[in-house]
*Asks:* 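Quick one: the structure is below, and I'll ask about it shortly.
If you're wondering where the values come from, they're calculated on a predicted model, not measured in any experiment.
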Amino acid sequence: MNKKTTNVAALLVSALFLISIVSFITGLISDYRNGPAYSEYVFKNFSAQIKEQAKEYQPESPSFTTAFEHSIAEYSSDLLSVRLFRGKTLVYSWPKNARTAPGENKKTPFIMTRSEKLTGSNPPLMLSADLYILKPASIFLRARVAFLLILCGTVIAGLLLIHLYVASHNSESENQAAPDLSPDTAGTEKIDNVPDGPEDSNFKPEVPVTAEPEDLNFDSDGSDPDDSIDFNFPEITDLQTDNAETESGKTTDEMQKTGNSQQVSEEEQKTTEHDDAELFSPVTGLGMENLLTTRLESELIRSAASEQDLSVFVFHIPGLDYHADISKDLITILLRQFQFRDLIFEYKGDSFAALLQQADLDTAYTIAETIYNEMNTLIARKESNLSVKIGIASRSLRLISGERLLLEAAQAEKHADTENPIVAFRVDPEKYRKFIAGKSE
């Protein structure tokens, strides 16, 4: 490794350290700036959910308490503490050691307190919550990314130092094993039979001289003194013939190899076309229904390995014919949103199923609304009597089978109607864990 490469590697490591620190700081600043607005949004949704529970169940009843605890679990990453008061009397506190006084609407550098009346009864039921402006989970995530970048830079620097140490050690070993070729002794030879001193004026040391080209024994006319040597070489025509035959043989072999490679390419192309015919429907060009569960299982494994979400869509269009022209237009809308043909499948003869990586339930619902509006516009323009119902289900960070997730999306679609054409299956993580635990027992 030369000096230039070493400098580039050192610059790369330094840049990696700098990027990790800058990204950590700027990420926290961005999260802190967006924190108040996000906390307001979280409290608005949380209080609205508690209000609905207060209308559905009698406050302070076991059913209300259970539903209230489920809501806290859903928003626990954004909440520091939650308190429920009847007038000034504390009804519920989470966690147990939270302060028991009703909180006013205020904001500290890192905590925001919000309160809201849930009922108009006397005394009223009041909800008070302390929310994070800068969430610990956000700090941990930013720190983890910065740590991984610094770790990569440290590993690269360590490998670079080891390489330089080994190279330096090898260079020292080579220098120690090399002969002494200093200018004082290089190329000299000891001569024994030389007089001790140059006192004699006729003294001429015998120094071996290397013969130069002009010292060779040639006649004055420049000809070789030994003309008896006969230099007979084969005729050039024979050599050309042999070379031509060899080149002809090579050309024939190359032509045979080219023909074989073309034949192999044609066979590979036929194999690829055969595989595509087995994977995709010849009518719609989408994935075959019998491959849906298998592909969904592989996508679930991938999303679980990367700790990402995955959503499944079921688009039910009663009376749809895959051979109809409007079916091609509907497929075009799906391809425009999902982009990959191998993530969209035929389903149940008049439906489509689609998979979307890195999409939670809220994101999937927004995408479903866009697709529904585009499909409705198309159906109205075509003056067709078709209708669209959409069911959505999400992995929601669960370890779930593809068959189960597809069933949830299909059941959500069955609950859709003209007033609510899009239905999303929102799972309760606590209930699902209990269900899995009971099933395993």
Side-chain angles (χ1 to χ4, degrees), residues 268-300 302 310-359 361 363-394 402-403 405-425:
E268 291 178 352
Q269 184 177 1
K270 291 180 180 179
T271 303
T272 303
E273 292 176 354
H274 179 70
D275 293 341
D276 290 344
E278 293 180 351
L279 295 176
F280 298 100
S281 168
V283 178
T284 61
L286 303 179
M288 302 290 286
E289 182 178 353
N290 58 346
L291 302 176
L292 172 57
T293 306
T294 304
R295 181 59 186 272
L296 179 54
E297 291 286 356
S298 64
E299 293 296 324
L300 282 171
R302 184 184 305 174
L310 171 72
S311 294
V312 179
F313 299 75
V314 171
F315 302 90
H316 184 203
I317 309 172
L320 176 66
D321 183 6
Y322 289 148
H323 295 82
D325 293 337
I326 194 173
S327 177
K328 297 179 181 178
D329 297 330
L330 293 172
I331 292 172
T332 301
I333 294 174
L334 293 176
L335 288 173
R336 188 160 55 244
Q337 291 293 332
F338 295 98
Q339 297 182 354
F340 298 104
R341 189 178 297 271
D342 57 343
L343 294 179
I344 312 172
F345 298 83
E346 295 179 354
Y347 187 66
K348 301 297 184 182
D350 59 353
S351 305
F352 302 104
L355 316 179
L356 187 60
Q357 281 278 12
Q358 304 180 23
L361 203 60
T363 304
Y365 192 89
T366 302
I367 295 174
E369 285 182 329
T370 303
I371 296 175
Y372 175 79
N373 292 333
E374 291 185 9
M375 286 185 171
N376 257 3
T377 303
L378 173 66
I379 291 172
R381 190 172 67 249
K382 296 286 186 178
E383 298 181 355
S384 173
N385 57 355
L386 297 176
S387 61
V388 182
K389 296 191 297 180
I390 305 175
I392 312 170
S394 176
E403 184 177 356
L405 189 59
L406 182 61
L407 176 63
E408 291 179 356
Q411 290 295 323
E413 180 274 321
K414 288 183 179 180
H415 287 80
D417 51 28
T418 54
E419 294 183 359
N420 299 296
I422 306 174
V423 176
F425 186 93

*Asks:* Out of curiosity, S281 OG to E346 CD, how far, rounded to the nearest 0.5 Å?
*Replies:* 3.5 Å
*Asks:* Working to the nearest 0.5 Å, report the span between CG of L334 and CD of E374.
*Replies:* 9.5 Å
*Asks:* What do the steps show when you test D325 against K382 for salt bridge (charged side-chain N to carboxylate O under 4.0 Å, His left out), and what is the final call?
*Replies:* CA-CA 10 Å; D325 293 337; K382 296 286 186 178; over 6 Å; no
*Asks:* Start with the C-alpha distance between R341 and L335, add both sets of side-chain angles, then the distance that settles side chain to side chain contact (heavy atoms under 4.5 Å, CB included), and finish with yes or no.
*Replies:* CA-CA 7 Å; R341 189 178 297 271; L335 288 173; 3.6 Å; yes
*Asks:* When rounded to the nearest 0.5 angstrom, what is the spacing between NZ in K414 and NE2 in H316?
*Replies:* 10.0 Å
*Asks:* If every non-hydrogen atom of A364 is compared with every non-hydrogen atom of S311, which pair is closest and at what distance?
*Replies:* CB-OG, 3.6 Å
*Asks:* Working to the nearest 0.5 Å, report the span between CG of L320 and CD1 of I379.
*Replies:* 8.5 Å
*Asks:* A393 and A409: which non-hydrogen atoms are nearest, and at how many Å?
*Replies:* CB-N, 3.5 Å
*Asks:* Is the number of heavy atoms from other residues, nucleotides or ligands within 6.0 Å of CD (Q411) greater than 12?
*Replies:* yes
*Asks:* Assess whether side chain to side chain contact (heavy atoms under 4.5 Å, CB included) is satisfied between F352 and F313, documenting all intermediate values.
*Replies:* CA-CA 8 Å; F352 302 104; F313 299 75; over 6 Å; no
*Asks:* Classify the side-chain pair T293/E403 by whether it contains a donor and acceptor separated by less than 3.5 Å.
*Replies:* no
*Asks:* If you round to the nearest 0.5 Å, how far is CD1 of I367 from CD1 of I392?
*Replies:* 9.0 Å
*Asks:* With rounding to the nearest 0.5 angstrom, report the OH to CD1 distance, Y322 to I331.
*Replies:* 8.0 Å
*Asks:* Where do K389 and D417 land on the salt bridge (charged side-chain N to carboxylate O under 4.0 Å, His left out) test, with the steps shown first?
*Replies:* CA-CA 7 Å; K389 296 191 297 180; D417 51 28; over 6 Å; no
*Asks:* Report yes or no: does N420 contribute a side-chain atom to a donor-acceptor pair with the main-chain N or O of I422 at less than 3.5 Å?
*Replies:* no
